[in-house]
Amino acid sequence: MEYRFNEIEKKWQDQWKADKVYQVSNESAKPKYYVLDMFPYPSGAGLHVGHPLGYIASDIYSRYKRLKGFNVLHPMGFDSFGLPAEQYALETGQHPAETTKKNIATFKSQLDKIGFCYDWEREVQTSDPNYYKWTQWIFLQLFNSYFCNTEKKALPISQLIKKYETKGALPKTGEPVPGKHFTAEEWKGYSKQQQEEILMNRRLAFSKYGEVNWCEALGTVLANDEVVNGVSERGGHPVEKKKMRQWYLRITAYADRLLEGLETVEFSESMKEMQRNWIGKSQGAEMDFVIKDNDKKLRVYTTRPDTIFGVDFMVVAPEHELVAAITSAEQKEDIDKYLQYVKSRSERERLAEAKTITGCFTGAYAINPFDGKEIPIWISEYVLAGYGTGAIMAVPCGDQRDFAFAKHFNIPITNIIGDYYTGEEANATKEAILQNSGFLNGLLMKDAIGVAVDKIEALGIGTRKVNYRMRDAGFSRQRYWGEPFPIIWTDGIAVPLDAEELPLELPHVDKYGPGPEGEGPLANITDWVNTPAGRRETSTMPGYAGSSWYFLRYMDPHNGTTFCDRKASDYWNQVDLYIGGTEHAVGHLLYSRMWTKVLFDLGLIGFDEPFRKLVNQGMITGNSYFVIGFYAHDLEITVSDLENTNKEFYHFLMSIDIFEKEGSTIFELNGKKYRADDISEFQKTRVRYAHLFVDSKNRLTRKGLAKTFQLDNFSVDEIEKSINCIFWDGKTEDGEDFIQCKHEVEKMSKSKYNTVNPDELCDKYGADTFRMYEMFLGPVEASKPWDTKGIEGVHRFLRKLWRLFNDDIKGKVWTDEKPTDAELKILHRTIKKIEEDTEKFSFNTAVSAFMICINDLFDVKCHKKEVLEKILILMVPYAPHIAEELWHQLGNEGSILDATYPTFNPALLVESTKEYPISINGKVRANLSLALDLDQKQVEEIVLQNDVVQKWLEGKDPKKIIYVKNKMINVVV
RNA sequence: GCCCAUGUGGCGGAAUUGGUAGACGCAGCAGACUCAAAAUCUGCCAUUCGCAAGGGUGUGAAGGUUCGAUUCCUUUCGUGGGCACCA
């Protein structure tokens, strides 16, 4: 009987489905374990081999934990709101719900083929009204909460209102609105609108005016991704900043707790570092500078108050409110010109061109409070209005940007750090002893920071201040395919819907184009927008809304009365293992951490970090093969159908080498001569699906070319005859023409023609082979290139395993004989290794341990059930189908998925002797088998008698003999 | 520029707390079986000198610590990722 993986896998997948073996209960005597994958966006392209890497890893771990006696939750769902479906709808008119449904069906069938142990009854889809009802509900919780600065947690906004009514918001109550103080009486005197405006400043989900990328020509708001070099990606139209009312999440309120929480979770150090950088906490001081001949003061933020005596100039953001007030009459013209220039520059440009130094002197001077020095005040685009106070004190000897600015505008530089400053570049050291620094002279800079701030505070000219780089998270999108906001605007007040009115379902639209004035498509549906109570919010929530809490919904997916029953979330608690890519390092992971903290603060769940352990899977890269192909613009392609079958047909096709050699010289085509310079559109082009058709020497042959361009109806000869454009590099050993391709390793993506479809591999080799091969490629965390060829090796291994049970001719070969010690040793060595490797997610070495085990069993011709069935259990997480099949062939009843994990018996691995490497001066020269219970002296005697050792000693006495028990022996001469 | 990874045969990758570098697999070569092919099996497979026995070199590079370094330290180069006029 041979290994018919297709039949076997189909059989067991059907059986498992019928028996609902993956159904998970919220009630169990077993300890719980929650394994989560980052759920996919169901794109139209389907899965490629890069996707399942993390899914296989989590599946292995889930199955392992189940065998180890845990009640394992391992769900899967779809992040099904998003821009691509909407764009597709815009192009084809198909409703996003329809395409999404279709895509999800494809994804599910692909996933099922690989044999994952998902409990599909717990599936969630973020675009399902039964799901987004609760996304909207949680939004309302955010809207109706504020961050209490004394308790450092979210509280219901009603409590804040009560405080304002009884105590007002005076500086000492601890709950002021930024820059606003009022008494209880004043509060009561405010209009409803005024009160709501104040409350909006404290809500965790709030609305304010913010800037969006507005493209006049397209009449729509664009995402940052859709703007390239200041113009729209599609069409290349100009994009400008436009102020619009936007929703935000006050994630900045949680900055400190998000930082602290990192200490309690197992994320990789680099992941934590990325989040820390994003939050960007910096400690410093804000201080006020008196401006000469002006009653205004200039407030700056600095992290280095110790350098106060090195301040040679001030730089203020061009948008700073003081600019107009301090500019002198003489400088006014220049400043206006500069402001005009800055206005013309998008933020993107300002950020992109860091090298060019621009700026303008205002004519005003600030006074250094410590030495009375007059400091010129400049404006420059390198200082951003949005960070700190929008003004800095420039210390050119200590900051490279300040240094470059000073050099460019010939501003004299004060050196306060002695030899640390070379005059060639700034030095941001904190180790220097301060000079030219008044009361700070002689202090180490590190120590001077505190001294300086103390003095600044004592003089009442400034305070300690913590700043964050992180901004509040923009939460509106001017799009259709997202959760509608449960908000109605009434007389300028945002009024939330009642919970009973949820879900607020997405209305049907006929057109997916933008609404007027930059609003989203929903603004076009006047019936829906205008309600008796007021006008509905027309923007929708961003993609990360639904994904910020989906891990909770899996715990209680069908609950119609709450987002997740407290009993369920108390039982499953944190996600024990979360597997996904690094691309979500700062987006999704920070948002879901924040939502979890809010829900925790409000008493809705019992934990405030969602993910206990995070494993980042690496990227699987693909090989993209390149040739040069280009059009000659005045030529028609003579085989008209070619245009229809393939838009990427070229008049000239050649290897990159030939193109580079020929350069701009002349190409002849149909008797007409072309120079490369004349050719309108030429590009290095990827060869389609070339990883399938390029030979082992990266050559694209005539046959491969035909397949590559999928020209079923046209032979390459025909194309060549009609357009005469292929520059062959030579002939293969078989006499076939070929073009030599160059290749690059790139991220797998459909647009790069370098994807490999898991379905095809599952059909050809089986899911078990595919699963094990993906793991065998290398460590899960590492990114690695895909190479389909290697899969044969894993497939051979599984066939070999099969042949331990079944012979192709003889049939059943397994026996009930008692295993020998040697055979038990192989088994227990494997148990130990597989368990250790699985625990530490070292799946690649686990697969190789299986191979070694099977090779060893073959060598000793072990076909004994007692050994084999234990190995099958070990293999369940990795290759569940073949394990189940062989388990039943051995005569076992019931599913192997519920078997008990074998226990490792150390006694079987105890050795009495060890093959020691003997090295002379650190180089291994011989091997010697010695009993383990020998002492140093006995070992020395035996070693010195050894012929090889004698030879290397050359009659001399050894200086020292190092004997490390169970490791090695080293003779030092 | 800063931060974090990472660098080992033709390729993917192994290698406990410093203890026989290259496990396992791919590709390649040679052979067995076969009419043939597939499948399977056996052997070789870092590099260099040598018929061989055996020796030299070798984990990006250069130093260091050590009886002993892929592993620890210093310097340096390359690659990948993240952040960035953030004061």
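Since this is a predicted model, take the numbers as computed values, not measurements.
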Does [N] have a Watson-Crick or wobble mate here (both distances under 3.5 Å), and if so which one?
N: B:rA38; result: none
N: B:rU59; result: none
N: B:rG19; result: B:rC67
N: B:rG28; result: B:rC44
N: B:rU6; result: B:rG78
N: B:rG1; result: B:rC83

Closest to side chain of [X], choosing from [options]:
X: A:S848; options: B:rC24, B:rU40, B:rC26; result: B:rC24
X: A:V924; options: B:rG13, B:rA21, B:rG82; result: B:rA21
X: A:P779; options: B:rC85, B:rG19, B:rG13; result: B:rG13
X: A:K967; options: B:rU40, B:rC4, B:rU17; result: B:rU17
X: A:V964; options: B:rG19, B:rC86, B:rC4; result: B:rG19
X: A:T845; options: B:rA14, B:rC4, B:rG25; result: B:rA14
X: A:N844; options: B:rC83, B:rU40, B:rA14; result: B:rA14
X: A:M851; options: B:rU17, B:rC24, B:rA14; result: B:rC24
X: A:R803; options: B:rC41, B:rA23, B:rU20; result: B:rC41
X: A:Y301; options: B:rG19, B:rA87, B:rC4; result: B:rA87

Using atom [atom1] of [X] as one end and atom [atom2] of [N] as the other, report the distance to the nearest whole Å.
X: A:Q617; N: B:rG81; atom1: CD; atom2: C1'; result: 15 Å
X: A:K784; N: B:rG80; atom1: NZ; atom2: C1'; result: 14 Å
X: A:N277; N: B:rA87; atom1: CG; atom2: P; result: 11 Å
X: A:E781; N: B:rG80; atom1: CD; atom2: C1'; result: 16 Å
X: A:H795; N: B:rC26; atom1: NE2; atom2: C1'; result: 15 Å
X: A:N970; N: B:rU66; atom1: CG; atom2: C1'; result: 11 Å
X: A:L777; N: B:rA14; atom1: CG; atom2: P; result: 11 Å
X: A:R469; N: B:rC85; atom1: CZ; atom2: P; result: 8 Å

[atom1] gap between [N] and [M], integer Å:
N: B:rG82; M: B:rG28; atom1: P; value: 36 Å
N: B:rG22; M: B:rC33; atom1: C1'; value: 32 Å
N: B:rA30; M: B:rC24; atom1: P; value: 23 Å
N: B:rA53; M: B:rG58; atom1: P; value: 23 Å
N: B:rG78; M: B:rA27; atom1: P; value: 36 Å
N: B:rC11; M: B:rA46; atom1: C1'; value: 13 Å
N: B:rG31; M: B:rG81; atom1: P; value: 46 Å
N: B:rC45; M: B:rA23; atom1: P; value: 10 Å

(request) Could you tell me whether A:E940 and A:K937 have a side-chain N and a carboxylate O separated by less than 4.0 Å? (result)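 The answer is no: the pair does not qualify as a salt bridge.
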
(message) Using a strict threshold of under 4.0 Å (side-chain N to carboxylate O), is an ion pair present between A:D807 and A:R803?
(response)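 So A:R803 does not pair with A:D807 through a salt bridge.
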
(message) Quick check: do A:R829 and A:I831 have side-chain heavy atoms less than 4.5 Å from each other?
(response)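 No, every pair of side-chain atoms sits at 4.5 Å or beyond.
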
(message) Between A:M274 and A:Y916, which residue's closest nucleotide on RNA chain B lies nearer the 5′ terminus?
(response)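 Its nucleotide being nearer the 5' end, the pick is A:Y916.
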
(request) With RNA chain B as reference, determine whether A:K923 or A:E273 sits nearer its 5' end, using the nearest nucleotide of each. (result)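 Per heavy-atom nearest nucleotide, the more 5' residue is A:E273.
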
(request) Look at A:R925 and B:rG54 and indicate whether a side-chain polar atom (N or O) is within less than 4.0 Å of OP1 or OP2. (result)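 The answer is no; no side-chain N or O of A:R925 sits under 4.0 Å from OP1 or OP2.
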
(message) Does B:rA39 have OP1 or OP2 under 4.0 Å away from a side-chain N or O of A:R796?
(response)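 Checking B:rA39 against A:R796, no side-chain N or O comes under 4.0 Å of OP1 or OP2.
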
(message) For A:F5 together with A:W802, are the ring centres under 6.0 Å from each other?
(response)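 No, they do not, as the ring centres are separated by 6.0 Å or more.
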
(request) Count the heavy atoms of every other residue, nucleotide or ligand shown that sit under 6.0 Å from NZ of A:K832, and state whether that count exceeds 12. (result)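 No, NZ of A:K832 has 12 or fewer neighbouring heavy atoms, counting only those of other groups under 6.0 Å.
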
(message) Once you apply a heavy-atom cut-off of 4.0 Å, does A:K800 come out as touching a base, just sugar-phosphate, or nothing?
(response)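 The answer is sugar-phosphate, as A:K800 gets under 4.0 Å only of primed atoms, P, OP1 or OP2.
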
(request) For A:D402, report the nucleic acid contact type (base, sugar-phosphate, nothing); a contact means any heavy atom under 4.0 Å. (result)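 The residue A:D402 makes no contact with any strand.
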
(message) Just by distance, no angles: are the side chains of A:K800 and A:N855 close enough, under 3.5 Å, to form a donor-acceptor pair?
(response)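 Per modelled atom types, A:K800 and A:N855 side chains form a pair under 3.5 Å.
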
(request) Taking atom types as modelled, find out whether A:E381 and A:T358 have a side-chain donor-acceptor pair closer than 3.5 angstrom. (result)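 Per modelled atom types, A:E381 and A:T358 side chains form a pair under 3.5 Å.
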
(request) Determine, for A:Y916 and A:K967, whether the Lys NZ or Arg CZ falls below 6.0 Å from the six-membered ring centre while staying within 45 degrees of the axis. (result)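 Not flagged: A:K967 not positioned over aromatic ring of A:Y916.
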
(request) Tell me whether B:rG9 sits syn or anti, counting syn as a glycosidic angle within 90° of 0. (result)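 That one's syn.
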
